[in-house]
**Q** 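What follows is a structure written as structure tokens; I'll ask about it next.
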Amino acid sequence: MSHHLSEQEIVRRESLQKIREMGIDPYPAAMFEVTAHAADIKAQYEEEILEDGTKNRKNFQDIAIAGRIMAQREAGKAMFMNIQDSTGQIQIYLRGEEVNAAAGRDDFFAVLVKKYLDIGDFVGIKGYAFKTKTGEISVHVKAFTLLSKSLRPLPIVKKDAEGNVYDAFTDPELRYRQRYVDLTVNPQYREIFVKRSKIISTMRRIFDDKGWMEVETPILQPIHGGAAARPFKTHHNTLDMPLYLRIANELYLKRLIVAGFDGVYEFGKMFRNEGMDRTHNPEFTALEFYIAYKDYNWMMTTTEEILEKVAIAVNGDTKVQIGENVVDFKGPYERLSIFGAIEKYTGIDVSNMDEEALRGVCRQFHIEVDATMGKGKLIDELFGEKAEPNLIQPTFITDYPVEMSPLTKKHRSKEGLVERFELFVNCKEVANAYSELNDPIDQRERFEDQLRLAERGDDEAMAMDEDFLRSLEYGMPPTSGIGIGIDRLTMMMTNQTSIQEVLFFPQMKAEKA
RNA sequence: GAUCUUGUAGCUCAGCCGGUAGAGCAUUUGACUUUUAAUCAAAGGGUCUCGGGUUCGAAUCCCGACAAGAUCACCA
């Protein structure tokens, strides 16, 4: 990608050349040993004023820090810079005579530092911490090293004493396309990704403590099973066969339960070739885990335990601000059957209605229906339209109609329903779990029902997976499994309304050359 | 996929009813040895997203394309 160089880029390239002509390597190979970080110095530096008026500096007196120049303030033969490392920014103070002496040349400060260094350059500093006249904890530079020259001007975001931000780098397109710039100049967005990482590491720790095993299952699958969605299709040249990027990993994880593992989990990327908007990216991360000898009641309790711990790990509290609402992840959560939820928010008991009666109820609420919709789909529409918008606090919706859940075990006591729950938070689904169907004959019939739905025109119906059925025929213990959308969970835990804000590199259309 | 909005300097933005392109920061030159949105003085920087059209004349009005955002529909 070549582009027309701007004035500032030309100047920086010329500076680069001049630096080389000075005999200074702008991209030195040698490591620079860092011994301190900005945040620690600012948090822990201590000094006292002695009786004779001199300062006694107690710590950080022989340190090396490294980072990017984020601001330069020249003051004659001295200079201040703000240096940003991974922990934040700290001010440094340079005196010309000192850095010249350290470098062993007269032109180091006046020429290299003042003329050829720019905002964005990486530098290494050796020196000692002190407080300036105005009380700012800073690093007094004794030796200064250029570590990497920057050739493009970084957006300059300034903040005044009241915390007002000026010239913020805010264009969402630029922020997503050049995330490296966004994360450099907008520290508030770094925080989201730190929290995302914490969500995943907290969960992983819980699972490992419980003795479950982290596994990896195929992303390239010959049959795209386990969910209802349009896949990405690709082709393997040597095998000369079509392959699909997985839309789910459920059927593989269950094969591992068949294989005799008690508990398996996978944090995995899923790929769905569907619309994109502020809650959908073509690739997204799901956590799934499957635990033998458990049922969906146990899974609800376990989900409460996990989310409670995650919320505390991320925000220090089970209560999380999401938009205008405060959501409390402290369990136990409300449990409502899907029919109960519909009745609660419409006043109508639809639990014994047939397809035609349901279609009538949908029409009554001005919900669009068509001939391809089976009973399950109609109930789902009704629920989505009338009940879902009310589910702000974490709520388990349970006991879905069998038509909607081809991989779920039939309910132990309620005819026509399955042992499934979905967890709703802030009116959005964040988890989907079952008592897993392990009756191979029933499972085959469910797949056959799906085939009939497909023939009727339902393009989301699930495909038959003979190998999965074969594994069930060998026998799978009673098992409960769950899938949790990590991106959406992160959106909630960080109070973001767009999925792009919780993905480092959201999918974008090709940039114009 | 539909509708609406946006696209001007490296960044953030003005630019009215069509009349030779503006500001702040950044950049360049100079001054300044504790500044902090540093300050002071001066200077340079533009294919106004792209392509058409209307017009004597278009950043501005019209049409189309591209990209992004918001809302809606579908999916997680």
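Below, chains carry the letters A, B, ... as their sequence lines are ordered, and counting in each starts from 1. Quick note: numbers below take in every heavy atom, side chains included, and nothing from hydrogens, waters or symmetry partners.
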**Q** Mind checking salt bridge (Lys or Arg N to Asp or Glu O under 4.0 Å) for Glu283(A) and listing every partner two or more places apart, or none if nothing turns up?
**A** Lys269(A)
**Q** Extract the stems that RNA chain B is part of, considering only consecutive pairing runs of at least three Watson-Crick or G-U wobble pairs, both distances under 3.5 Å.
**A** B:1-7 with B:66-72, B:10-13 with B:22-25, B:27-31 with B:39-43, B:49-53 with B:61-65
**Q** In whole angstrom, give the distance that lies between atom OH of Tyr166(A) and atom C1' of rA38(B).
**A** 14 Å
**Q** Specify the residue among Arg488(A) and Lys133(A) whose closest nucleotide of RNA chain B lies further upstream toward the 5′ end.
**A** Lys133(A)
**Q** Out of rU33(B), rA76(B), rA67(B), which nucleotide sits closest to the side chain of Phe284(A)?
**A** rA76(B)
**Q** Suppose we screen for salt bridge (Lys or Arg N to Asp or Glu O under 4.0 Å). Which residues come up paired with Asp85(A), at least two apart in sequence or across chains?
**A** none
**Q** Looking at residues at least two apart in the chain, or sitting in another chain, which of them share a side-chain contact (heavy atoms from CB on, under 4.5 Å) with Phe80(A)?
**A** Arg73(A), Gln91(A), Tyr93(A), Thr132(A)
**Q** Does Glu14(A) reach a base, just sugar-phosphate, or nothing at all? Heavy atoms under 4.0 Å.
**A** nothing
**Q** Which letters describe nucleotides 3-15 of chain B, given B = protein heavy atom under 4.0 Å from base, S = only from sugar-phosphate, - = neither?
**A** -------BSBS--
**Q** State which residues pass side-chain contact (heavy atoms from CB on, under 4.5 Å) with Arg105(A); sequence neighbours excluded, sorted by chain then number.
**A** Met22(A), Ile24(A), Ala103(A), Asp107(A), Phe108(A)
**Q** Can you tell me if Arg177(A) touches the phosphate of rA68(B), counting only side-chain N or O atoms and a distance under 4.0 Å to OP1 or OP2?
**A** yes
**Q** Expressed in angstrom and rounded to an integer, what is the separation of Asn426(A) atom CG from rA76(B) atom C1'?
**A** 16 Å
**Q** Across the strands shown, which category fits Glu429(A) at heavy-atom distances under 4.0 angstrom: base, sugar-phosphate, nothing?
**A** sugar-phosphate
**Q** Holding to side-chain contact (heavy atoms from CB on, under 4.5 Å), I want the full list of residues that pass it with Glu266(A), two or more places apart in sequence or in another chain.
**A** Val215(A), Glu216(A), Thr217(A), Arg246(A), Asn249(A), Leu253(A)
**Q** Would one find a side-chain N or O of Lys131(A) under 4.0 angstrom from OP1 or OP2 of rU34(B)?
**A** no
**Q** Taking for each residue the nucleotide of RNA chain B bearing the nearest heavy atom, is the 5' side occupied by Ala75(A) or by Val430(A)?
**A** Ala75(A)
**Q** Measure the distance from NE2 on His140(A) to P on rU33(B) and round it to the nearest whole Å.
**A** 15 Å
**Q** Among residues two or more places apart or on two chains, list those pairs meeting side chain to side chain donor-acceptor pair (under 3.5 Å) that have a residue in residues 377-390 of chain A.
**A** none
**Q** As a test of reading the structure: which of rG69(B), rU33(B), rA76(B) is closest to the side chain of Pro172(A), going by heavy atoms?
**A** rG69(B)
**Q** What's the spacing between Ile482(A) CD1 and Met300(A) CE if we round to 0.5 Å?
**A** 9.5 Å
**Q** Check whether Glu274(A) reaches the backbone of Ala229(A) with its side chain - one donor and one acceptor, N or O, closer than 3.5 Å.
**A** no
**Q** Could you measure between the two P atoms, the one in rG45(B) and the one in rG7(B), and give it in whole Å?
**A** 25 Å
**Q** What's the CG-C1' distance between Asp380(A) and rA76(B), to the nearest Å?
**A** 12 Å
**Q** Please list, chain by chain and in numerical order, all residues satisfying salt bridge (Lys or Arg N to Asp or Glu O under 4.0 Å) with Arg272(A), sequence neighbours excluded.
**A** none
**Q** Distance under 6.0 Å and angle within 45° of the ring axis: does Arg175(A) meet both against Tyr189(A)?
**A** yes
**Q** Which residues satisfy the salt bridge (Lys or Arg N to Asp or Glu O under 4.0 Å) test with Glu173(A), sequence neighbours excluded?
**A** Arg177(A)
**Q** Base, sugar-phosphate alone, or nothing: which one does Phe130(A) contact when heavy atoms must sit under 4.0 Å apart?
**A** base
**Q** Could you list all the ring pair (Phe, Tyr, Trp, His ring centres under 6.0 Å) pairs where at least one residue sits in residues 377-401 of chain A, not counting sequence neighbours?
**A** Tyr333(A)-Phe396(A), Phe383(A)-Phe424(A), Phe396(A)-Phe421(A)
**Q** Identify which nucleotide among rC72(B), rA37(B), rU27(B) has an atom closest to any side-chain atom of Arg278(A), counting heavy atoms from C-beta outward.
**A** rC72(B)
**Q** Expressed in whole Å, how much space separates the C1' atoms belonging to rA37(B) and rA76(B)?
**A** 44 Å
**Q** Tell me: CD of Glu98(A) to C1' of rU34(B), nearest whole Å?
**A** 12 Å
**Q** Taking rC17(B) as the reference, what is the distance to rA23(B) when you measure between their C1' atoms (whole Å, please)?
**A** 24 Å
**Q** Under 4.0 Å, heavy atom to any atom of RNA chain B: which of residues 389-399 of chain A qualify?
**A** none
